[in-house]
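Working notes, structure below.
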Amino acid sequence: MDTMEWVRGSLDHCVKCTICETFCPVSNVTPLFPGPKYVGPQLERFRTHDGSPDASLDYCSGCGICTTVCPQGVKIAEINSQARAKMKAQRGIPLRDRIIARPSAMGRVGTPLAPIANFFLENRTFRWLLERTLRVHRKAPMPLFAGRTFQSWVRRHPPLTQATKAIVYFHGCSANHFEPRVGQMAVAVLEHNGYRVIVPRQDCCGLPLQSNGLFDDARRYVRELAERLEPYARRGYDIVATSTSCGLMLKREAREILELEDDEDLRTVSAHMFDICEFLLDLHERGALRTDFQPLDMRVPYHAPCQQRGHGIGKPALELFDLIPGLEVVDSDVECCGVAGTYGLKTEKYDIAMEVGAPLFRQVTEVATEVAACDSETCRWQITRATGIPSVHPVELLYRAYGLS
Amino acid sequence: MSPDAVVVGAGLAGLAAGVRLAQAGLRTTLVAKGPGATHLAPPTIDVLGYAPDLVECPAAALASFAAERPDHPYARLPAYTVAASAEWLRALVPSLAYVGTIEENLLLPTGVGVPKPSAFVPEAMAVGDLRSGGRFAFAGLRALKDFYPRLLAENLSQAKLPTGVTVDARAVQLTDPGAEADVSPLGYARMFEDQEFRSVVAAELLPKLEPGESVGFPSVLGLHKHRTTWFDLQDRLGRPVFEVPTLPPSVAGIRLFHALRDAFVLAGGRLLMGSTAAGAETNDGVVRNVVIQSAAARTTPIEAKSFVLATGGFAEGALFLDSYGEVHESVFGLAVSGVPAGEPRFAPRYFDDQPMARAGISVDERLRPLDLEGNVAFRNLFAAGAALGGAEPWRELSGNGLALASGFAAASAIVEGVS
């Protein structure tokens with residue numbers, strides 16, 4: 001059976017139990033989105049080749065929590081993602097969505113022009129103009145260009161010579177263009193544990209394109225990436241990702257949402273793909289993680305992003321934090337920060353995203369002494385933008401505690 | 001550093017087992033595809049409601065009930081275990097303030113006005129106990145579909161109640177300005193947590209109430225701030241206020257889920273939600289591991305010393321009937337007993353006696369699953385909840401009672417085996 005058929009066919013398993021609706025962060029704050037059960041398994045029955053009976057589907061943020069919690073295994077988020085792509089193809093995809101869905105293209109333009117590009121991104125008049133022309137909300141979190149890519153750093157980085165083990169690092173667009181520090185810290189933490197870190201040339205995984213309904217382009221990107229990573233996976237190398245949503249894209253989402261279940265490269269890569277915290281905790285359980293952590297005396301709110309929970313691996317970051325003396329971590333029990341990749345950037349969705357994240361922002365403000373921790377970059381930017389508190393990838397706390405800074 | 005115990009399933013049975021194991025100091029991992037019936041059903045611990053006549057005292061009824069039904073899970077769960085599990089839950093989740101004992105059933109109005117026997121219930125529901133009679137006004141919220149106070153009140157007025165008990169029930173419909181056209185129970189729960197909203201509701205309701213009336217609301221009186229929401233509403237209305245279960249989602253049940261999940265994590269348990277237990281490796285009468293399918297295209301075995309199966313029954317996909325008429329258990333491939341042999345497998349009408357509904361896992365007195373010959377299938381595997389065969393919870397009103405007692409007892413068996 002092809003992917004489309006079993007993803008869509010899974011709606012027959014829906015027993016209308018409403019568990020997804022109790023978890024949906026969006027429908028719980030706005031009537032514009034009537035909820036995953038209604039929009040997913042229910043409305044899907046009325047969708048024909050002529051289109052979707054209503055447009056509320058566009059207000060799904062694609063966080064994927066509904067699928068994670070469905071006890072019947074209905075692919076609710078995947079059904080909605082596919083239906084949204086069809087709907088957008090029929091009704092037209094805004095220019096904005098075509099631009100913000102290409103972080104690596106933006107990076108290639110913005111990196112050499114970083115000082116100028118960043119000046120504009122931080123300029124209120126320019127942001128106002130951006131809102132008026134493209135409908136990107138003037139207050140939405142937009143990352144700044146680092147000016148030097150992670151790729152260019154790593155090309156000059158001397159590899160660990162006496163390493164007996166090697167691992168592949170999938171850095172994603174954010175570490176490459178916006179936060180190369182995250183990539184550098186990931187490399188340092190892995191090297192500290194005796195790994196030679198291999199960083200193949202790589203481009204975007206296509207996730208933002210996928211969430212904006214540009215499936216053909218998304219497929220092109222993810223296939224090319226899988227092709228570049230597959231030779232390593234085939235030879236048995238594990239691949240770690242610091243970008244939790246892009247890691248999930250390679251593990252599962254592309255196969256299911258983009259109907260690439262038959263793509264052998266992707267399947268091989270998926271079988272070897274690890275979230276970096278998942279990988280390090282696994283290492284610890286085998287007694288192979290170095291635990292020479294120095295105390296970090298701070299209280300850190302931790303938020304496991306929706307996409308992190310989509311991995312189905314629990315919250316490995318929390319267990320790694322437990323190994324660091326002095327570190328007090330408060331796990332957020334909030335479902336979502338609201339931003340969901342590019343959703344919260346859009347003018348018509350910004351307020352919804354902020355309301356979804358409001359309980360999290362309150363918690364972060366109450367708890368944080370210095371920083372907040374969160375695995376996903378867009379969520380970190382959202383948290384920082386909303387609270388003013390710097391948000392770091394969990395790997396940064398390990399890096400600091402190892403004394404690598 | 002593999003865990004000591006792995007629990008599969010996050011319904012009441014799995015969560016109870018998980019919390020008890022983790023609190024006993026065992027490294028415990030709980031794997032679940034998603035939450036269970038806590039999100040659908042009220043958190044009342046119904047021990048035994050009908051056997052087949054109305055049960056007034058579960059403690060007295062349990063022994064003969066079990067003696068007459070040797071295949072029933074209650075035949076493995078003595079009354080003192082049932083009572084102990086409920087006492088344990090009461091202490092564990094003070095936020096729900098469970099009241100009641102195994103000695104008597106309360107009679108609570110359901111959403112369609114049927115008096116339902118239940119032994120341990122959250123205090124906010126217990127206030128609606130019908131056994132001493134009284135005058136009740138049931139408040140309807142305009143935008144809450146599927147909750148009809150008039151139907152509730154009319155049915156309750158005609159319901160069979162203990163002799164000498166009179167209940168005067170009527171409906172009061174609220175217009176609750178500010179609500180959208182269609183609000184879910186959870187949406188209302190959030191609105192009720194807002195003091196402003198409560199004051200609007202109270203202002204509209206007060207003049208419509210008559211002296212001496214208690215007020216029944218659908219159980220949407222707050223989620224995270226339930227106690228303060230409920231107390232505040234009682235203060236504003238100056239009379240007892242109680243909750244009546246709604247159709248799913250069950251806000252009151254979600255409160256129980258949150259309390260148990262938090263207790264599990266606080267006790268050091270590891271929760272893997274959104275993963276599927278795809279199978280297990282066993283040898284020599286021992287379960288070695290449970291094989292987990294997470295997002296990646298690989299499976300990961302989790303080894304442990306002990307395992308608890310709390311995946312549910314047919315409705316949860318834990319048991320399934322194939323096209324050859326055989327019933328399978330999805331994780332360990334356990335023998336399923338009580339499957340009706342030959343055709344017809346089903347009686348024509350839904351509410352007819354359906355033997356298939358009693359199919360499930362048979363267990364020994366320590367809740368270890370048995371094979372078809374009646375021998376313990378695996379020495380370190382225990383089963384709890386709706387996976388157990390022989391029960392008809394919807395007829396007996398025994399669902400949460402069985403789930404809690406068996407989850408508790410399965411964990412106890414593991415803890416005792418370790419110490």
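Chain letters run A, B, ... following the sequence lines, proteins first and then strands; every chain starts at 1.
Distance alone, capped at 3.5 Å, places no donor-acceptor pair between the A/Arg252 side chain and the B/Ala297 backbone.
If you take CG on A/Asp282 and OG1 on B/Thr300, they are separated by 7.5 Å, rounding to the nearest 0.5 Å. Distance check: B/Ile254 CD1 to A/Ile19 CD1 gives 8.5 Å after rounding to the nearest 0.5 Å. Between atom OG of residue B/Ser184 and atom OH of residue A/Tyr38 there is a gap of 14.0 Å, rounded to the nearest 0.5 Å.
Contacts of A/Glu319 with chain B are made by side-chain atoms alone, with heavy-atom separations under 4.5 Å and no backbone atom involved. Proximity to chain B (any heavy atom under 4.5 Å) is restricted, for A/Cys70, to the backbone atoms N, CA, C and O. Looking at A/His13, there are no atoms closer than 4.5 Å to chain B (heavy atoms on both sides), in backbone or side chain. Of the atoms belonging to B/Ala315, it is backbone heavy atoms, and not side-chain ones, that fall under 4.5 Å from chain A. Contacts of A/Arg267 with chain B are made by both backbone and side-chain atoms, with heavy-atom separations under 4.5 Å.
In this structure the side chain of B/His39 never reaches within 4.5 angstrom of the side chain of A/Thr18, judged on heavy atoms. Under the 4.5 Å side-chain criterion, counting only non-hydrogen atoms from C-beta, A/Val69 is in contact with B/Pro35.
When the candidates A/Gly73, A/Gly314, A/Ser27, A/Pro71 are compared by the number of heavy-atom contacts under 4.5 Å with chain B, A/Pro71 comes out ahead. Annotation: maximal heavy-atom pairing with chain A below 4.5 Å, among B/Pro248, B/Gly312, B/Ala296, occurs at B/Ala296.
Nearest heavy atom pair, residue A/Gln72 against residue B/Glu316, reads NE2-CA, 4.3 Å. When all heavy atoms of A/Gly310 and B/Ala295 are compared, the closest pair comes out as O-CB, 3.7 Å. Scanning all heavy atoms of the two residues, the minimum distance from A/Ala271 to B/Arg298 falls at O-NH1, 3.0 Å.
The environment of NZ in A/Lys16 is crowded: more than 12 heavy-atom neighbours from other residues, nucleotides or ligands sit within 6.0 Å.
Ring pair A/Phe23/B/Phe257 is perpendicular by interplanar angle, where above 60° counts as perpendicular and below 30° as parallel.
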#### Entry: Trace of the side chain to side chain contact (heavy atoms under 4.5 Å, CB included) decision for A/Glu21 with B/Leu186
CA-CA 9 Å; A/Glu21 310 226 323; B/Leu186 208 58; over 6 Å; no
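The stretch residues 268-278 of chain B places B/Arg270, B/Leu271, B/Leu272, B/Met273, B/Gly274, B/Ser275 near chain A, each with some heavy atom under 4.5 Å from a heavy atom of that chain.
One finds no salt bridge joining B/Glu303 and A/Arg286 here, because no Lys/Arg side-chain nitrogen approaches an Asp/Glu carboxylate oxygen to under 4.0 Å.
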